Structure formats: C-alpha cells, structure tokens
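Everything on this sheet refers to the single structure shown next.
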Amino acid sequence: MLSIYNTLTRKKEEFIPISPDEVRMYVCGPTVYDYFHIGNARSFIMADVLRKYLEYKGYNVKYIMNLTDIDDRIIKKSIEEKIEAKLVAEKYTKAFFDDIEKLKVKQADVYPKATDHVQEIVDFIKQLEEKSFAYNVDGNVFYDVSKFHDYGKLSGKKLVELEAGARVDVNEEKKNPLDFALWKKAKEGEPFWESPWGKGRPGWHIECSAMSGKHLGETFDIHAGGNDLIFPHHENEIAQSEAATKKKFVNYWIHFGFLNINNEKMSKSLGNFFTARDILKHYSAESIRLLFSQTHYRGPLEFNDELLDSSQKGLEKFKNLVEKVSPHPVPLPKGEGVSPDFDFQSYYKDFESAMDDDLNTPQAVAVLFDFVRDVNKAIAEKENLPSEFYSNVKEFLSKTAQGVLGIVDLEKSEAQGSSVEKELIELLIGLRNGARKEKNFALSDKIRNELNELGIELKDSKEGTTYKKVKK
RNA sequence: GGCGCUGUACCCAAGCGGUCUAAGGGGAAGGUCUGCAAAACCUUUAUUCGUCGGUUCGAAUCCGACCGGCGCCUCCA
C-alpha cells in the first residue's frame with residue numbers, strides 16, 4: 001500500500017487513484033526562457049521517480065507536463081537578445097528536452113504548450129467571467145479571490161492575514177492586492193493573441209488549469225511541483241479550476257523540497273545556481289540521481305561537488321557488481337551449480353515497503369546497497385553459482401535501481417571503444433601477463449600504470465585480467 | 001508580523017513511542033585476499049540523537065520552553 005504526503009491535508013494518506021488501474025498526473029514544467037538549473041532538475045527527477053514507481057506497481061500512468069512558452073521572462077529575454085519571443089521559447093524548449101533526456105527522465109505523454117492552448121484558456125476565462133469570479137479592467141482580466149471561499153486551503157493561509165501582510169505591489173486596477181491576472185493586456189511591441197478583452201496573453205496560473213483540465217479531466221489524481229509553487233501558483237490553480245467546475249481539482253498535491261547551496265535555496269534571483277547542463281558535463285545522470293535519491297524528496301537537499309563526488313563513488317559499487325554479473329564468464333545450464341540460499345523476494349519486499357512509505361528513497365537506496373553487499377558476499381563464498389542467480393541479480397537491479405530510481409544503467413557497457421582499441425588493450429594485457437609470469441613486475445606495473453594514465457584501469461582476478469575505462 | 005519546515009557521527013542522510021547499545025553512502029583507521037594494486041569482504045568510527053524540563057513502565061521519536069538554521073507570504077522547481 002502506497003502512502004503519500006498530501007500538502008492539501010498535511011498528512012500522509014493512502015494513495016487511491018480515481019480509476020483503479022490508472023493514475024493521472026500533472027507536473028509543473030519549465031518556463032522556457034533559459035536553461036533549467038539543477039534545482040529544477042530535482043523536481044523533474046523526483047517526479048520521474050514517482051511516476052516510474054507507480055508504473056512499477058502496475059499502474060498505467062498518464063503523465064502530463066506543461067511548457068510555459070509565453071510569459072514575462074520570455075518577453076524580457078527576447079528584448080535582451082533582440083530575437084522574437086517565439087524563438088526564445090523554441091531554443092530553450094529544445095534545450096529542455098536535451099537535458100531531460102540526459103538526466104534519464106522518461107518522456108511525459110504530452111507536453112502541452114500554453115501558446116497551443118490559447119483558445120482553451122480564453123474559454124476558461126470566459127467561464128470564470130460568467131460565474132463572476134473574474135473582472136475585466138481595461139483589457140486586463142483578474143481573478144477575484146474574495147469570491148472563492150476556499151482560497152488559501154492549500155497553503156494554509158487565511159485571506160485576511162495575507163492581505164495584512166501583503167507585500168504585493170499595489171496595482172490600482174485590482175480590487176484586492178491578491179487578485180491575480182488571468183489575461184494580460186499586451187503592451188506595445190509585445191506578442192499577443194486576440195481575445196474578447198482585446199489583444200493580450202494568458203496569465204501564468206490559468207494555463208495549468210486549462211491544460212490539465214483538457215488533458216486529464218476536471219478531477220485528477222496527482223499534481224506535483226516545487227515547494228515554492230504552493231503559493232500562489234497552485235493555490236490559484238485550485239481557485240480557478242474549482243470555481244469553474246465546482247468539483248475537486250486534484251486529490252493529491254505533492255511538493256518537492258529545494259536544493260540548497262551552503263544551506264541557502266538555489267535560485268536564479270540569488271544567482272547561486274548551476275544549470276543541469278553544466279553539471280552534466282562533469283557528472284553522470286546516475287550520480288545526480290543517486291544524490292537526489294539519498295535525501296527524502298520533501299526535505300531540503302544540500303548540493304555541492306563533494307556530495308556529488310561521494311555519490312559518484314558510491315555508484316561504483318553498483319557498476320562493479322553489474323560488471324561482475326553481466327557477461328557471466330561460464331554460463332551454466334539452468335539448474336546446475338550450487339544454489340545459494342539467497343532470498344531475492346525479501347529485497348523486493350524491503351524496497352517496496354521503503355518506497356510505499358511516502359517514497360522513502362533514502363531507505364530504498366539503503367536496501368539496494370545491502371543487496372549489493374549480500375550478492376558480493378554470496379559470489380565470494382560460493383564457487384559455482386547457477387546462472388539463474390546472475391540473471392536474478394540483474395533482474396532485480398533492472399527493476400529497482402534502473403527502472404525506478406535510474407541510478408544504474410545495465411546497458412551501458414563499461415569497456416567500449418573501437419575494435420582496434422580493444423585489441424590493442426588486449427595485446428598489452430597479454431604482454432603484461434607474460435611479464436607477470438616471469439615475475440618481471442617492474443615491466444608489468446609500468447604497463448598498468450601507463451594504461452591507467454590513459455584512463456584504462458586493470459583488474460586482476462582468478463578468471464584473468466579485465467579492464468574498464470574510467471573518466472579522467 | 002503570519003504560516004510552515006528543520007537541528008541525528010568528520011560530511012551527506014534514514015528513523016516518527018519499545019525490534020535503536022540509531023540504517024545506508026562518502027571519508028578515516030585496521031584486517032583478509034593479491035607479487036603489488038584494484039575490486040570484494042570483515043572490523044572499528046553516535047550508550048547517543050541542538051539545550052533544558054515534562055508525559056510515559058519505556059522517547060531521537062509525544063508535549064513545553066529556550067537556542068540555532070531554512071523556506072513561503074513577490075517571479076521562482
């Protein structure tokens with residue numbers, strides 16, 4: 001039984017989807033005005049882990065992530081770079097897909113764009129206007145928060161308190177400082193769409209209400225995003241959608257913690273950020289994902305190179321095991337060999353109960369490390385293990401470490417390269433082993449050290465010498 | 001000012017009333033194996049969970065106070 005912490009109720013709740021086999025899930029995607037940073041990546045990755053775990057459990061997941069491709073920041077960027085807003089959005093949309101793929105994040109079923117849904121958005125606003133939740137002031141349309149009595153239910157804020165402590169800019173046009181724009185009137189030179197209120201563009205919050213409704217229906221299971229979206233973004237989405245449909249918008253609200261640098265939130269405005277793209281130049285997706293998985297998704301996550309290094313180091317344990325079980329040297333026929341009393345089921349059970357508990361990935365990772373240690377022990381202790389043992393090990397890692405967490409890549413062969421390169425390395429290994437036989441260790445060590453310099457590590461074992469390429 | 005989160009070893013980090021003399025990763029130290037390495041395995045590294053009280057047969061876990069840190073309340077994952 002999966003339980004999930006629901007921001008709306010501030011409790012862990014048993015997860016029960018609307019339809020028994022299907023989960024409908026919406027995750028707030030990027031505003032494509034720049035490369036996304038590694039803090040954004042945390043949300044994308046943890047949402048990916050949640051999605052993959054739901055699939056692991058047998059649900060058919062319908063996963064939608066929006067792309068905000070028209071907004072103030074995009075317009076600002078287009079002015080700075082003197083190119084059309086549309087081209088800014090296109091450039092960073094492409095970058096988004098490139099980066100997300102490198103991070104081994106599975107594609108969403110649909111990536112709806114705001115600019116492709118202007119009609120739906122306009123219709124949505126009209127509906128709100130008809131129901132008196134919206135008012136038009138000279139081409140700007142605002143949502144009237146005072147009309148929505150549940151306003152504040154997600155963030156736990158009370159309207160009066162919000163008003164008292166309001167730090168929002170005073171906008172003469174708004175009835176209430178907390179009212180927010182549904183439709184923004186276009187200024188001179190800005191991109192615009194025609195609407196009943198004149199030329200303009202959608203506000204930010206409305207696109208999610210319109211697009212999630214279109215792709216997932218009026219009520220759906222999961223809506224996820226970063227902590228900072230709770231207020232006002234998600235609060236406003238609820239206000240819009242529930243005012244329009246009179247139905248519950250979302251059953252489970254899930255929010256991810258921030259990524260901290262020196263105990264401070266990483267953000268564009270503070271300037272203390274790294275783009276995911278830059279981090280990926282030095283670290284693998286697996287390292288990043290392991291680091292993220294070792295902290296619970298709701299808490300803050302401390303981020304720096306040392307931590308990335310340590311997770312990269314930890315990954316070696318998985319890689320070495322994969323290497324050990326992958327091209328099993330002497331594949332035994334089924335049923336032969338000494339069967340170790342190794343209880344794979346108990347590791348699946350432990351992995352699942354960790355994940356079932358509000359996605360306790362740190363605990364799940366601990367189970368995987370225990371598994372690796374125990375498998376290594378079994379291999380070291382028993383001589384002839386049946387081939388099923390090796391395939392069971394691979395299957396376990398494939399389903400959990402790779403399939404859900406994305407911290408290993410079984411397909412990635414360690415010793416790749418051109419065949420000539422391979423043969424050259426084999427040749428040198430042969431020479432070195434000749435030298436070793438003659439106890440010419442000076443020569444054998446020289447060969448090993450120099451290969452090492454080239455990024456090729458040798459390992460001697462009873463079965464012979466193997467090598468792997470390491471990143472320099 | 002309002003709301004919320006948080007303080008566990010050298011670092012990161014689980015744990016949410018008994019199974020905790022507290023997982024897991026990194027680091028450090030010692031050992032087994034090895035010609036030497038590497039990998040792997042074993043052992044050690046918090047009798048203690050910010051501080052002080054309280055509740056309880058029993059608390060890292062609940063309550064209170066205090067001392068730190070962080071976030072949201074404005075665009076933000």
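Please read these numbers as outputs of a predicted model, since none were measured by experiment. We name chains A, B, ... by the order of the sequence lines, and we start the count at 1 in each one.
- A:Ile254 has its side chain within reach of A:Ile4: a pair of non-hydrogen atoms, C-beta onward, lies under 4.5 Å apart.
- A:Asn262 places its CG atom 14 Å from the P atom of B:rC11, with the value rounded to the nearest Å.
- Atom-to-atom, CZ of A:Phe258 to C1' of B:rU6 comes out at 14 Å; the value is rounded to the nearest Å.
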Protein-nucleotides 60-62 of chain B N/O pairs closer than 3.5 Å?
none

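- Minimum heavy-atom separation, A:Phe351 to A:Val367: N-CG1, 3.9 Å.
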Q | Bracket notation of RNA chain B in which parentheses pair within the strand, [ ] cross earlier pairs, and | pairs with another strand (Watson-Crick or G-U, under 3.5 Å) | A | ((((((((.[[[..)..(.....]]]((((((.......))))))....[[[[[..)....]]]]])))))))....
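- The CZ-C1' distance, from A:Phe303 to B:rA77, rounds to 14 Å in whole Å.
- Exactly one residue among A:Ile379, A:Asn320, A:Asn392 makes a side-chain contact (heavy atoms from CB on, under 4.5 Å) with A:Val325. That residue is A:Ile379.
- When the side chain to side chain contact (heavy atoms under 4.5 Å, CB included) test is applied to A:Lys77, the partners found at least two apart in sequence or on another chain are A:Asp34, A:Glu80, A:Glu81, A:Val88, A:Tyr92.
- Atom CG of A:Leu368 is separated from atom P of B:rA14 by 16 Å (rounded to the nearest Å).
- Side-chain contact between A:Lys268 and A:Tyr33: present, with at least one pair of heavy atoms (C-beta onward) separated by less than 4.5 Å.
- Across B:rC67 and B:rU51, the matching C1' atoms stand 7 Å from one another, rounded to whole Å.
- If you take atom P in B:rG4 and the same atom in B:rC49, they sit 28 Å apart, rounded to whole Å.
- When the side chain to side chain contact (heavy atoms under 4.5 Å, CB included) test is applied to A:Lys313, no partner is found at least two apart in sequence or on another chain.
- Taking the six-membered ring where tryptophan is involved, the planes of A:Phe396 and A:Tyr348 are perpendicular, since the angle between them exceeds 60° and thus also 30°.
- Exactly one of A:Asp69, A:Asp71, A:Asp72 qualifies for a salt bridge (Lys or Arg N to Asp or Glu O under 4.0 Å) with A:Arg201. That residue is A:Asp72.
- Taking only side-chain nitrogens and oxygens, A:Asn227 never comes nearer than 4.0 Å to OP1 or OP2 of B:rA77.
- Comparing the P positions of B:rU56 and B:rG68 gives a spacing of 31 Å, expressed to the nearest Å.
- Nucleic acid contact for A:Lys377: sugar-phosphate only, since backbone atoms but no base atoms lie under 4.0 Å from a heavy atom of the residue.
- Nearest to the side-chain atoms of A:Thr295 among the listed nucleotides B:rU74, B:rA77, B:rA14 stands B:rA14.
- Summarising the geometry, the separation between CG on A:Asp228 and C1' on B:rG4 is reported as 14 Å, rounded to the nearest angstrom.
- Atom CZ of A:Arg298 is separated from atom C1' of B:rC70 by 16 Å (rounded to the nearest Å).
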Q) What is the per-nucleotide protein-contact pattern of nucleotides 23-39 of chain B, from the 5' end, where B denotes a base atom under 4.0 Å from a protein heavy atom, S denotes such proximity for sugar-phosphate atoms only, and - denotes neither? A) BSSSS-------BBBBS
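- Residues passing the side chain to side chain contact (heavy atoms under 4.5 Å, CB included) test with A:Thr361 are A:Met46, A:Val49, A:Ser293, A:Met355, A:Leu405, sequence neighbours excluded.
- Classification of the A:Trp253-A:His234 ring pair by plane angle, with boundaries at 30° and 60°, yields tilted.
- Contact annotation for A:Leu259: base contact, defined as any heavy-atom pair under 4.0 Å involving a base atom.
- Within 4.0 Å (heavy atoms only), A:Gly257 reaches at least one base atom of the nucleic acid.
- For A:Pro232, taking side-chain heavy atoms from C-beta onward, the closest of the listed nucleotides B:rA13, B:rC75, B:rA77 is B:rC75.
- For the pair A:His296 NE2 and B:rA14 C1', the interatomic distance rounds to 10 Å; values are reported in whole Å.
- If you measure from atom CG of A:Leu270 to atom P of B:rC70, you get 12 Å, rounded to the nearest angstrom.
- Among the candidates A:Arg289, A:Lys106, A:Arg42, the single residue satisfying the salt bridge (Lys or Arg N to Asp or Glu O under 4.0 Å) test with A:Asp48 is A:Arg289.
- Among the protein residues, A:Gly225 comes within range of the sugar-phosphate backbone only, with heavy atoms under 4.0 Å from sugar or phosphate atoms but none that close to a base.
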